[in-house]
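Note that the structure is predicted; figures quoted are calculated from it, not measured. Note that these values count all heavy atoms, side chains included, but never hydrogens, waters or copies made by symmetry.
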Amino acid sequence: MSTNNYPYQDGFEKYLSIQGLAPITIDEYTATLIDMFEYLSNFNLSYQENHRVSQLLDRDVEQYMQMLVDNRSIQNLTYNKILSHINIYFKFLFTHGFSNNLPTLTLKGKPKPQKLKRLSTKWLNALSEILSDEKVNQYTKLTLLLISKGFSVKEFLKPGFYKLMSKIEFSENEKQFLKCFDEFIKPIQIKQNSSDIFLKQRYSDNPILTLPGLHKYLNPSEKNVRY
């Protein structure tokens, strides 16, 4: 008796088993595909019309993957793993004659996140200049300022860290920067309905920047903090 929770589940899981995948790995494929088809059934208009997997296109899979990024804030490694599961599934359908489409053919994985580079401590002696340097991104400035106060990146990317800001001693120069930062972050806080200070600039249900997200702001500014 078939127990399919997504199209061709029985055949696909048998195929994975023949390929030598462990049951726990096959369970991961199952969870991915059940989630994708539940999402498509609820939110994808073209799939809702006839629930024919053979008519799914790259934009349909891309819609699901983008939802994972926007609504669930998955990291790049997780994104690539899920995309790999889906890619192997559609290759199975294609090679076994269940579909003439390969909707993952144009979809690319995301780069592996780089580890946060250790900056030379020379910047500590030039922090005042960095905080007033218009070429340096505001998130980079705040990152350096908080590191100089003894906080780790992991600590100040946590929700609610902003509550500690009033307990930190800042110099007059640092207070001046924080006024400028406040002007920068206020519109984003309103958009995200959040008082946190490291926020994504696009609206998200999980608005706080991830470490890879912070990297996107730190990397372009790196050359400007080598004082």
Side-chain angles (χ1 to χ4, degrees), residues 65-83 107-227:
M65 298 303 297
Q66 192 61 46
M67 179 278 296
L68 296 178
V69 173
D70 294 341
N71 295 351
R72 300 183 189 173
S73 299
I74 62 169
Q75 303 297 308
N76 286 6
L77 291 177
T78 303
Y79 181 100
N80 292 342
K81 185 177 184 180
I82 291 173
L83 183 59
L107 303 185
K108 305 297 182 184
K110 293 185 177 292
K112 293 180 179 180
Q114 299 176 346
K115 292 182 179 179
L116 192 64
K117 296 178 181 178
R118 289 192 171 213
L119 294 172
S120 167
T121 54
K122 291 180 181 179
W123 61 265
L124 282 168
N125 297 323
L127 185 58
S128 294
E129 290 86 345
I130 294 172
L131 294 180
S132 59
D133 191 335
E134 294 182 357
K135 296 190 298 293
V136 180
N137 182 272
Q138 296 282 39
Y139 281 143
T140 300
K141 293 179 183 179
L142 186 59
T143 295
L144 296 178
L145 176 58
L146 292 175
I147 289 175
S148 77
K149 301 300 180 182
F151 293 98
S152 69
V153 175
K154 185 176 180 180
E155 287 176 309
F156 56 71
L157 288 183
K158 284 183 177 179
F161 177 83
Y162 68 92
K163 297 175 184 176
L164 297 177
M165 293 293 285
S166 62
K167 301 178 182 179
I168 304 172
E169 290 189 15
F170 294 108
S171 68
E172 289 304 314
N173 179 67
E174 292 166 350
K175 289 177 182 178
Q176 186 61 40
F177 157 69
L178 289 172
K179 287 181 180 178
C180 295
F181 182 85
D182 189 57
E183 293 176 3
F184 159 78
I185 199 65
K186 276 294 182 185
I188 304 174
Q189 289 174 327
I190 293 171
K191 179 192 299 183
Q192 301 287 17
N193 192 28
S194 171
S195 297
D196 286 293
I197 52 178
F198 285 93
L199 295 171
K200 300 172 184 174
Q201 299 202 37
R202 289 179 56 187
Y203 177 78
S204 172
D205 290 335
N206 298 291
I208 296 179
L209 277 176
T210 60
L211 181 56
L214 181 59
H215 259 291
K216 293 179 181 179
Y217 295 99
L218 297 181
N219 289 342
S221 297
E222 185 178 3
K223 64 179 181 296
N224 295 318
V225 297
R226 292 175 177 170
Y227 283 82

Might you confirm whether atom NZ of Lys149 has over 12 heavy atoms from other residues, nucleotides or ligands at distances under 6.0 Å? yes

Any non-hydrogen side-chain atom of Asp196 less than 4.5 Å from a side-chain atom of Leu157? no

Minimum side-chain heavy-atom gap Asp182-Lys186 below 4.5 Å: yes

Any side-chain heavy-atom pair from Phe181 and Lys141 closer than 4.5 angstrom? no

Gap between atom OG1 of Thr143 and atom CZ of Phe156 - 0.5 Å precision: 4.5 Å

Where do Lys108 and Tyr79 come nearest, in terms of heavy atoms and distance? O-CE2, 3.8 Å

CG-CG distance between Leu144 and Asn137, expressed to the nearest 0.5 angstrom: 10.5 Å

Measuring from Asp70:CG to Arg202:CZ, what's the distance to the nearest 0.5 Å? 5.0 Å

Does any part of the side chain of Leu164, heavy atoms only, come nearer than 4.5 Å to the side chain of Glu155, both counted from C-beta? no

Test your reading of the model: is there a side-chain donor-acceptor pair from Lys154 to the backbone of Leu211, 3.5 Å cut-off? no

Indicate yes or no for a side-chain donor-acceptor contact from Tyr139 to the backbone of Leu199 under 3.5 Å, with no hydrogens or angles considered. yes

Before giving the answer on side chain to side chain contact (heavy atoms under 4.5 Å, CB included), spell out for Ser73 and Lys200 the whole-Å C-alpha distance, their side-chain angles and the decisive distance to 0.1 Å. CA-CA 11 Å; Ser73 299; Lys200 300 172 184 174; 2.9 Å; yes

Roughly how far, to the nearest 0.5 Å, is the CG atom of Leu83 from the CE atom of Met65? 5.0 Å

Residue pair Lys191 / Ile188, side-chain heavy-atom distance below 4.5 Å: no

CD of Gln201 to CG of Leu209, rounded to nearest 0.5 Å, is 8.0 Å

Start with the C-alpha gap between Asn173 and Leu127, add the side-chain angles, then the distance that decides, and say whether side chain to side chain contact (heavy atoms under 4.5 Å, CB included) holds. CA-CA 10 Å; Asn173 179 67; Leu127 185 58; over 6 Å; no

May I ask you to check whether Phe198 and Phe161 place their ring centres under 6.0 Å from each other? no

Using atom types as modelled and distance alone, determine if a side-chain donor or acceptor of Asn206 lies under 3.5 Å from a backbone N or O of Asn71. yes

Within the structure provided, determine whether Gln138 and Tyr217 are in side-chain contact (heavy-atom separation under 4.5 Å). no

Any donor-acceptor pair under 3.5 Å linking the side chain of Gln189 with the backbone of Ile197? no

Looking at OG of Ser128 and CD of Gln176, how far apart are the two atoms once the value is rounded to the nearest 0.5 Å? 12.0 Å

Any donor and acceptor pair, going by atom type alone, linking the side chain of Glu174 with main-chain N or O of Leu145 inside 3.5 Å? no

If we only count heavy atoms from C-beta on, is the Thr78 to Arg72 side-chain gap below 4.5 Å? no

Go through the steps to decide whether Val136 and Leu131 satisfy the test side chain to side chain contact (heavy atoms under 4.5 Å, CB included), and finish with yes or no. CA-CA 8 Å; Val136 180; Leu131 294 180; over 6 Å; no

Does a side-chain heavy-atom distance below 4.5 Å link Tyr203 with Asp205? yes

What do the steps show when you test Ile208 against Gln192 for side chain to side chain contact (heavy atoms under 4.5 Å, CB included), and what is the final call? CA-CA 9 Å; Ile208 296 179; Gln192 301 287 17; over 6 Å; no

